[in-house]
Amino acid sequence: MDQATLSEPRENHSVQECLSEPPLAQKIETKETGLGHATFHSKLIFSWVNSLLILGYSKPLDLEDIPSLASDDEANKTYQKFVYAWESLVRERNNTKSLVLWSIARTYLKENILIAFYALLRTISVAVSPLILYAFVNYSNKTEVDRKEGLSIVGILILTKLFESFSQRHWFFNSRRSGMKMRSALMVAIYRKQLKLSSSARTRHSAGEFVNYIAVDAYRMGEFPWWFHTAWTSVLQIVLSTVILFGVVGIGALPGLVPLLIFGLLNVPFARILKNCQSHIMIAQDKRLQSTSEILNSMKIIKLQSWEEKFKSLVESLHNEEFVWLSKAQILKAFGSFLYWMSPTVISAVVFVGCVVSKSAPLNAETIFTILVTVRNMGEPVRMIPEALSIMIQVKVSFDRLNKFLLDEELNNDDNERNLQQCSVNAVEIQDGNFIWDHESVSPTLIYVNLEIKQGQKIAVCGPVGAGKSSLLYAILGEILKTTGTVNIGGTLAYVSQSSWIQSGTVQDNILFGKPMDKTRYEKAIKACDLDKDINDFSHGDLTEIGQRGINLSGGQKQRIQLARAVYNDADIYLLDDPFSAVDAHTASILFNATSEYVCSHSCKSSHFLDCVMTSLREKTVVLVTHQLEFLSEVDNILVMEGGKVIQSGSYENILIAGTAFELLVSARKDTITELNQDNENKRGSENEVLSNPQDSHGSENEGEISSIEGPIGSQLTQEEEKVIDNVGWKSFWNYIDYSKGSFMLFFIVFTQSVFLALQTSSSYWLALAIKIPKVTNVTLIGVYALISFASAAFIYARTYLTALLGLKASTAFFSSFTTSIFNAPMLFFDSTPVGRILTRASSDLSILDFNIPYSITFVVSITLEIVVNYYQPTARELVRINGTTKAPVMNFAAETSLGVVTVRAFNMVDRFFKNYLKLVDTDASLFFHSNVTMEWVILRVEALQNLTVISAALFLILLPQRYVSPGLVGLSFSYAFTLTGAQVFWTRWFSNLSNYIISVERINQFIHIPAEPPAIVDNNRPPSSWPSKGKIDLQGLEIRYRPNAPLVLKGITCTFHEGSRVGVVGRTGSGKSTLISGLFRLVEPSTGDILIDGINICSIGLKDLRTKLSIIPQEPTLFKGSIRTNLDPLGLYSDDEIWKVVEKCQLKETIDKLPSLLDSSVSDEGGNWSLGERQLICLGRVLLKRNRILVLDEATASIDSATDVILQRVIRQEFAECTVITVAHRIPTVIDSDMVMVLSYGKLVEYDEPSKLMNTNSSFSKLVAEYWWKIGNGANINIMHEPSLKKEDGLACGCLHLKDKWRKTNWYGLRIAMVTIASNPDITCCCTMTPVRQ
């Protein structure tokens, strides 16, 4: 394992900042926090934050109102310090164990020594308070007045309280500030590390785990220093209190050590059990959140298949596991509270008995109240030590996890992968290269690769699924481990991935990708990638916001934006991993010409050539991985791969003549055509004439529709996260009580708390009174005190138990309502809401409901200092609300980078992404920082008021006549005065916390009240169980818009899909095809018009009744984590025999038979351990099991190779011969044999007829078909295979069809088009060089 280097790379000054960064990464111009230039006095009393509090009191705060961090607190500075310590330790030590822990310790040792000094001062100040009480009671008991002595005691009290207050506040503030810096340093180190992880290391850390390292492990550091100092000061406080106790009562204190030890030891197993519960809660929560994330990312397919109930029950069952451990933990806390309040009573009573038995000290006012205050001082540390140890254990676990991650293998850019040679003749050279994905791999992924690509060459890479095509690109990128050989790269790289990676942000952000705006080059890139019409149709043009993972874009639009990003980057070498699979024939033709160096040497008049990317890339080196063999004849060289080897290379003609593997690929392509022809032979045999030149349509505008992006002018699809403005008063609190139906329970909680306080007061008051009554014996004194105290402990147990029950009821109610609301939300909600926003509510906000709010409720009834708190609360409330919106972007950006890290590295954008992440971390940290300082600001002032009260009372007692107040009452009043100060601070903190926690209720409520989609079942209007028996679909004046004020997407479509017919739906990218399917499944409701299936209006029945009767194979095959069985049959409706029959039909039986667990073999996240083709075949298996009368293929073959396409089409023709099949496709062979073809344009029905009839006219469909075959014929530069056995009468094939009109007879017999019979006629001429091919 490599010892990782975390150091900051040298600044790449050639990488310019993007003009428009992701929303929260934008550098908002804010003034620096006042701490940086504050005076000593201002720092002492936190008055440097006054300006923020004044602003927050005058208006609701916005993000730009929050001051930025001081330079020493910024993430970059903290990260650099951490890296320096890390590298020093790596050099000094051979042992890599606990490197993260020791790096943190070395980096933050000095400031934590100062924090330890503050903590020590506070501990000593608290420990000596019983001695001050003893002195006061002793003074009040004297017969002679000595004002000087009394005033000196008051002076000591003032000093003690000042030291206690200021030291504690600065301990708390600085420990959390130090924790914030640790947190930021680790968050940045984790992010930087994942930008450098090797391919094998990335397989060991999923995107979810990576986010957990930041969200859980690094975030935990925010409180680590506070808990660390709490642990040792608690031990010290117990020791000091014990010493004072012995000093006051002597040997009589010895028996008190026994219950002290017992309660201390009882806390150990209690803390261990509680830790075990918390560990199980975290594990269960991780499983639930992982499942929730997967479901949210696949919500479209879940709704299409009507699986909401199944997956909702899955999430609920995972929450039930979590709830079992949550219940145990909360009930245990009730027992913990009982122990906490019992221990002072038992210890005090035992010490009282010890004093009586040993006669070491009289039971007078001085002794009794000194004992009480001392024991109370010991109570909190006894409770805190086990909890602090538990937190320390969790922190150690986090340190170990991060240590393992930060030491994992990195890409070795120094020697392994690539030598950059900017002036090399060859763009790419690989000599004797062997590559593996993982060190544990038995055999290499790529074997003995020798490759030489000259500058400006166009190379195509083809081969079957799993041949190693993408791995070859990864080898060039340096993303895969090289075991032997050399790789030389002669220029900069641009990379377009097979699965499109789109960032959240605007279209412009995604295209510029960190480069400065060059308007001319930008517009050329947009036009070249056929994006100009789409951008014109977007509501905000190229400033339109793209949803997370490009959710609101079509597959073609995402791919074209990716390609535009690469073109604008103006690199030397372009690596394209099958980018044309998701676009239609016309668009693919335009995009392909981006990879072609061909410049038309003939009189080609096609205007689109001037606009295509070819202009930008004609002098560039392009390596294209493709399944679409029609492009191959234009490239300079073809590499055929199989089994990780390059088994053939050469020009199209040479490699085709050589036969073997490449011929098999071509034959797979021909099989598609042959099958269609055989199916078509007895349907149509007439010759049709094409009256239009297919190139005439090439200049036509590409029809754009991102209707899901459309919205009212001035609004974006992805809005800024909503936050409630200003004070909501008690509304959210009562919502919490109302949801849990806990009004009655709340009454009993308040009642038991009131009785507890009354009994606590009574027990102390009894001691103050009883010592003045001579008849009261010591036994009676101690007995009554113990009895009242035990009764109060019983009530506190009842209160805590009821609080736990209320919290558990609220947890269940909120989770149930939240989950139901999310699963019932319409698809538009998921299109416009980043997954991170939902997940933060499902994780951190629900955790606050589970753990924090229940115990805060108890203290709401406590009286607080309203003036101070009301001044502070508006600012604190808004800081917490804004902080709720800054956490999700940090996690989203990290997860997004993890998914696209290969693209980021390929474009050399690591530094830019790193800087953006630093800004996000600083923004989040600034909210954390200012939330803490405002809390300390208010508590310092509350303490000051309380201390003023105590000091005034003490001064008043000194100035009163001697013995005017009895010593017992003096002891009682001071014991409560000392307790009240701490209690008031405690209450203030909890009241403030509750006000902040309740914001989580607001946030969850926002998503509970999402408008729901129509009901799953309409009881009084359910279709017959046999419906639809025929499969006839009538569209009557159908109009659809995605939002009430948005433009229409489908505009008055009227037609009929007859039962048992095959209907092909075609049109340019974004013409409304997918919207039609969304309307059929009611993912979006029709604005006007009707859709009737077998005479039943689908809008009148429930969604479940509709969607379970329709089948769909989607464009992007979606699998879920689980097994093959659960993916084929998620609802568990079918037997093994039925599943195996379907598996065999899908050509997957042989593959699954080889797996040890057969149908129970695992499927990883999003089906990552199965190839794209295999995933699509599993999706085919789902619809074969359902056997519905209506099947929809939504561009189902766009992303798979021709061989898989052949299997899929064959199975569909055999198994769904009697069904209505609607096919949305980019590949013309997929729809050309349909019974009817529907052509959409701008959301309007342009044509709807039999394909043979449409081919007879100058129709839009005939143009689309001609474009497709023109593309296969490669336009004006024809290079079609030569068959030696060709006879003169066989004819010639011409793809460009630039023939004299009288000879432009084309045989549209099935798919054998562009065939021209010439019979030796010399008058036939063409602009291209034709090569004979058998007809």
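- Taking the centre and axis of the six-membered ring of Y917, the NZ or CZ atom of R912 falls outside the cone set by 45° and 6.0 Å.
- When all heavy atoms are compared, the tightest approach of K193 to D408 is NZ-O, 2.7 Å.
- Between I573 and A427 the shortest heavy-atom distance is CD1-O, 3.4 Å.
- Looking at every heavy atom in both residues, A906 comes nearest to L477 through CB-CD2, 3.5 Å.
- You'll find the side chain of I430 reaches within 4.5 Å of the side chain of F435, heavy atoms only.
- Checked by atom type and distance alone, the side chain of T1126 pairs as donor or acceptor with a backbone atom of S1123 at under 3.5 Å.
- Between T483 and N434, the side chains place no donor N or O within less than 3.5 Å of an acceptor N or O (distance only, hydrogens not considered).
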Evaluate the salt bridge (charged side-chain N to carboxylate O under 4.0 Å, His left out) criterion for residues K404 and D400: first the C-alpha distance (whole Å), next the side-chain angles of each, then the deciding distance (0.1 Å), finally the verdict.
CA-CA 6 Å; K404 183 179 177 182; D400 290 342; over 6 Å; no
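- Annotation for G468 and M641: closest pair O-CE, 3.6 Å, computed over non-hydrogen atoms.
- In this structure, F224 has its ring center at least 6.0 angstrom away from the ring center of Y108.
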Applying side-chain hydrogen bond (donor to acceptor under 3.5 Å, both in side chains) to T486 and E429, what does each step give before you reach the verdict?
CA-CA 8 Å; T486 59; E429 284 181 13; over 6 Å; no
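- Between S184 and V921, the closest heavy-atom pair is OG-CG1, 3.7 Å.
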Apply side chain to side chain contact (heavy atoms under 4.5 Å, CB included) to the pair N488 and V428, showing each step before the final yes or no.
CA-CA 6 Å; N488 297 321; V428 178; over 6 Å; no
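- At least one side-chain heavy atom of L563 sits less than 4.5 Å from a side-chain heavy atom of L576.
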Verdict with supporting geometry, Y574 and T621, side-chain hydrogen bond (donor to acceptor under 3.5 Å, both in side chains):
CA-CA 6 Å; Y574 285 78; T621 306; over 6 Å; no
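- With respect to the salt-bridge test (charged N to carboxylate O, under 4.0 angstrom), the residues D570 and K620 qualify.
- Side-chain contact between V901 and R905: present, with at least one pair of heavy atoms (C-beta onward) separated by less than 4.5 Å.
- No more than 12 heavy atoms of other residues, nucleotides or ligands lie within 6.0 Å of NZ in K454, so this atom counts as exposed by the packing criterion.
- Remark: R192 qualifies as a cation-pi partner of F914 under the 6.0 Å distance and 45° angle criteria applied to the six-membered ring.
- The residue from D924, D217, D922 that alone fulfils the salt bridge (Lys or Arg N to Asp or Glu O under 4.0 Å) condition with R183 is D924.
- A salt bridge links R106 to E92: at least one charged side-chain nitrogen sits closer than 4.0 Å to a carboxylate oxygen.
- Between D572 and G491 the shortest heavy-atom distance is OD2-CA, 3.3 Å.
- F513 and F907 have their aromatic ring centers within a separation under 6.0 angstrom.
- A donor-acceptor pair is defined here as one N or O able to donate and one able to accept, closer than 3.5 Å; no such pair exists between the side chain of R565 and the backbone of V496.
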